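Here the structure is laid out as structure tokens; the discussion comes afterwards.
Below, chain A is the first sequence line, B the second, and so on; all start at residue 1. Reckoned from all heavy atoms, side chains included, excluding hydrogens, waters and symmetry mates. All values derive from a computational prediction rather than experimental measurement.
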Amino acid sequence: MSIRERFSGNEAVSIAIKQINPDVMAAFPITPSTEIPQYVSSYVANGEIDTEFVAVESEHSSMSACIGAQAAGARSMTATSSCGLALMWEMLYVAASLRLPITMPVVNRALSGPININNDHSDSMGARDTGWIQMYAENAQEAYDNMIQSVRIGEHKDVLLPVMTCQDGFITSHAVENINILETEKVKAFVGEYKAEKYLLNPEENISMGPYDISAYYMEHKYQQAVSMENAKRVIAEVASEFETLSGRKYDFIEEYKMDDADFAIVIIGSSAGTAKDAVDELRNEGIKAGLVKIRIFRPFPAEEIVKALKNVKVVGIMDKAEGYSNNGGPLGAEVKAALYGNVTGVKAVNFVYGLGGRDVKIESIKTVFEQLLEVDKTGKVPAHYQYLGLRK
Amino acid sequence: MAYNFKEQMSKPERLSGGHRLCAGCGAGIAVRGVLRALKPEDKAVICSATGCLEVSTCLYPYSAWNDSFIHNAFENAGATISGSEAAYRSLKKQGKVNEDYKFIAFGGDGGTYDIGFQSLSGAMERGHDMTYVCYDNGAYMNTGIQRSSGTPMYADTTTSTVGKNSPGKMQQGKNLTEIIAAHNVAYVAQTTFMSNFKDLQMKAEKALYTPGASFLNIMAPCPRGWRYETEDIMEVCKMAVETCTWPMYEVENGKWTLNHMPKNKRPVEDYLKLQGRFKHLFKKGNEHLINDIQVGVDKNWQALLKKCEVA
Ligand SMILES: Cc1ncc(C[n+]2csc(CCOP(=O)(O)OP(=O)(O)O)c2C)c(N)n1
Ligand code: SF4
Ligand SMILES: [Mg+2]
């Protein structure tokens with residue numbers, strides 16, 4: 001029997017780590033993910049797990065140590081947020097290109113400067129092109145479930161890529177919810193033993209990893225990495241289906257909410273989807289055919305699924321909790337529009353930047369988004385630029 | 001165990017020839033010297049920081065390393081090998097690995113004194129069972145001879161350029177060996193290539209087989225960057241030691257030992273004049289610059305003698 005208990009997002013993810021019992025965890029504190037290494041340290045101290053916990057002197061070293069550990073043949077994890085993820089930037093690419101399935105909870109927080117500890121997605125969005133698989137959770141339950149699935153996805157022989165499982169700082173990481181925890185034995189059986197094919201501590205075969213790669217080979221290696229990201233789509237679906245059998249909880253690349261007959265939709269990531277669903281319900285009561293698409297998997301990008309979900313809407317609002325400074329909208333806006341281009345006709349799109357540095361997102365604020373979408377439909381005029389939501393004037 | 005030069009030199013190489021280091025490069029000599037100290041039956045995981053050593057010994061699809069090897073980046077050899085060592089502890093206690101492994105990181109002076117300093121300090125403080133070896137060639141050679149914090153005073157490099165208004169690098173080299181000794185790790189030593197390589201061999205052996213974190217700083221000359229004739233490397237090393245520019249010492253569990261006392265301490269000129277990077281010091285009117293170097297060397301030497309309790 002699974003256990004229903006009250007946990008915060010950080011606790012939920014830490015429990016998943018405890019149940020997986022990784023070989024190595026190297027981590028460094030940063031708000032709001034600090035609790036995760038704290039929990040893991042206490043599990044080790046209390047003999048609940050036998051993970052080698054490496055209390056490194058920086059996030060740069062936590063990712064570097066995870067690379068050294070996973071390359072050596074150990075299942076390795078870390079956790080971070082914001083500046084910590086930014087400090088890892090160079091190493092994120094190395095982890096992915098060495099094809100090391102490290103898993104990392106990211107508790108999303110704004111990037112400096114100015115320094116701000118509250119939630120937005122600028123940290124993980126900045127890491128979107130590093131070659132990591134990215135999963136996003138709406139709530140603590142999803143954070144827990146994604147963490148367990150991430151190990152299977154990354155370690156699959158057709159994938160072999162690192163995975164970050166993101167949840168919103170404070171909103172999800174610190175709020176306590178009732179969630180279902182699986183039995184540890186079932187989690188262990190689900191993730192299985194880690195058995196690397198090529199690893200440094202294989203006594204049968206000495207290998208070299210991380211060579212200098214010349215132009216005659218580099219591009220092929222990058223292509224292989226891209227193929228693995230493509231394979232990840234198949235594997236993510238397979239793992240989700242197995243996980244559904246185990247838990248009864250169904251996961252897809254995106255979640256469609258009231259999209260069957262929607263004229264107006266928003267595309268959104270993370271905890272704000274919960275608030276936005278309430279807004280959609282209220283609008284439906286008012287007779288407006290509103291709907292919502294929540295992105296669960298951002299890398300690999302679910303372009304086909306998004307096109308399928310949006311092909312019949314009149315106007316879509318794409319919600320970015322990160323600035324891209326491209327002067328052309330946020331990262332989600334750019335990618336959703338690129339996915340729609342040439343695949344749908346007549347769908348108008350407006351991109352919104354919202355919730356930066358923890359700016360509150362209320363049902364009312366989401367409703368103002370839909371108001372603007374209706375206005376676009378009425379006038380036929382799409383605002384040329386992207387919009388800031390809830391900006392103080 | 002008695003040291004037999006011939007025996008040592010006929011051991012199978014753990015770093016194969018055919019790599020692309022320049023002829024006479026000190027980095028390769030340092031690595032081979034350290035790896036000779038491994039017991040043949042012991043396995044090793046070796047990490048190299050980015051630098052001349054790494055780009056010359058591991059070019060896809062080739063590798064000169066006969067042991068398992070990983071290159072991660074420039075600034076993180078310490079953290080990387082500490083991760084591999086943590087993995088080993090985990091897999092060993094689970095019974096998934098039974099063989100004995102040693103964990104060795106190599107970094108140049110840039111990767112060790114400068115950009116990789118934090119990562120090294122962290123790994124040393126945590127006390128992983130590992131050996132970090134700095135092959136110190138006194139500049140960023142791989143990117144074209146830029147100064148590092150280990151570059152000696154008044155050396156000409158491409159970012160401490162000698163010119164009308166500049167006598168070369170303005171600062172003394174940072175004393176990294178002493179800084180690591182201050183981490184109170186199990187074993188710290190400084191060495192270079194001397195006569196029959198016994199000193200290097202003994203220190204590498206101690207570093208590798210003393211449980212816990214250990215650090216070796218090996219002066220490893222670079223003929224290109226230092227501008228001396230390749231075949232003069234042993235003379236250059238000898239003069240570094242005889243002038244007390246690069247003293248040979250070790251720190252074992254807090255005890256400092258001087259391993260070589262020059263019979264006649266030579267003036268620093270005898271070391272400087274062998275190298276093109278110091279050529280400008282010998283121009284008329286620059287005598288005071290040489291004196292500055294001498295004063296710095298003497299001060300460090302006196303302090304070291306005190307620590308080693310040599311009267
Ligand atoms: C983060 C980062 N900054 C800069 C570089 C460029 N770079 C590569 S090797 C190197 C210098 C290496 O110097 P050192 O560690 O002394 O080794 P050497 O080449 O002298 O053997 C530099 C600056 C890099 N690879 N990574
Ligand atoms: S430039 Fe110097 S350090 Fe680099 S390979 Fe050549 S001799 Fe060695
Ligand atoms: Mg150097």
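With a 4.5 Å cut-off on side-chain heavy atoms, B:L59 and A:I214 count as touching. The side-chain heavy atoms of A:Y212 and B:C58, taken from C-beta on, include no pair separated by under 4.5 Å. Looking only at side-chain heavy atoms (C-beta outward), B:E75 and A:E90 come within less than 4.5 Å of each other. Inter-residue side-chain proximity for A:L200 and B:S84 is flagged as met; some heavy-atom pair is nearer than 4.5 Å.
When heavy atoms are compared at a cutoff of 4.5 Å, A:V94 approaches chain B solely by way of its side chain, counted from C-beta outward. Only the backbone of A:E205 comes within contact range of chain B, with heavy atoms under 4.5 Å apart. Within the 4.5 angstrom heavy-atom criterion, only side-chain atoms of B:R126, from C-beta onward, approach chain A. Heavy atoms of A:A26 lying under 4.5 Å from chain B are absent altogether. When heavy atoms are compared at a cutoff of 4.5 Å, B:Y101 approaches chain A solely by way of its side chain, counted from C-beta outward. Using a 4.5 Å cut-off between heavy atoms, B:E99 touches chain A through its side chain atoms alone. For a residue to count as touching a neighbouring chain, one of its non-hydrogen atoms must lie under 4.5 Å from one of that chain's; by this rule A:A95 does not touch chain B.
Side chain of A:S64 to main chain of B:A79: no donor-acceptor pair is present (N/O by atom type, distance under 3.5 Å, no hydrogens or angles). Put simply, the side chain of B:S68 gets close to the backbone of A:I207: a donor and an acceptor are under 3.5 Å apart.
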Run the salt bridge (charged side-chain N to carboxylate O under 4.0 Å, His left out) check on B:K96 and A:E193 step by step: do they pass? CA-CA 11 Å; B:K96 291 181 178 171; A:E193 288 246 323; 3.2 Å; yes
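One distance of note links OG1 of B:T80 with CE of A:M63; it measures 11.5 Å at 0.5 Å rounding.
Side chains of A:E57 and B:S121: a donor-acceptor N/O pair is absent below 3.5 angstrom, by distance only. Looking at B:Q94 and A:D23, their side chains do bring a donor and an acceptor atom within 3.5 Å of each other.
Of all the heavy atoms in A:A69 and B:A87, the pair that sits closest is O-CB, 3.6 Å. For the pair A:D50 and B:K93, the tightest heavy-atom approach, listed with the atom from each and the gap, is O-NZ, 2.8 Å.
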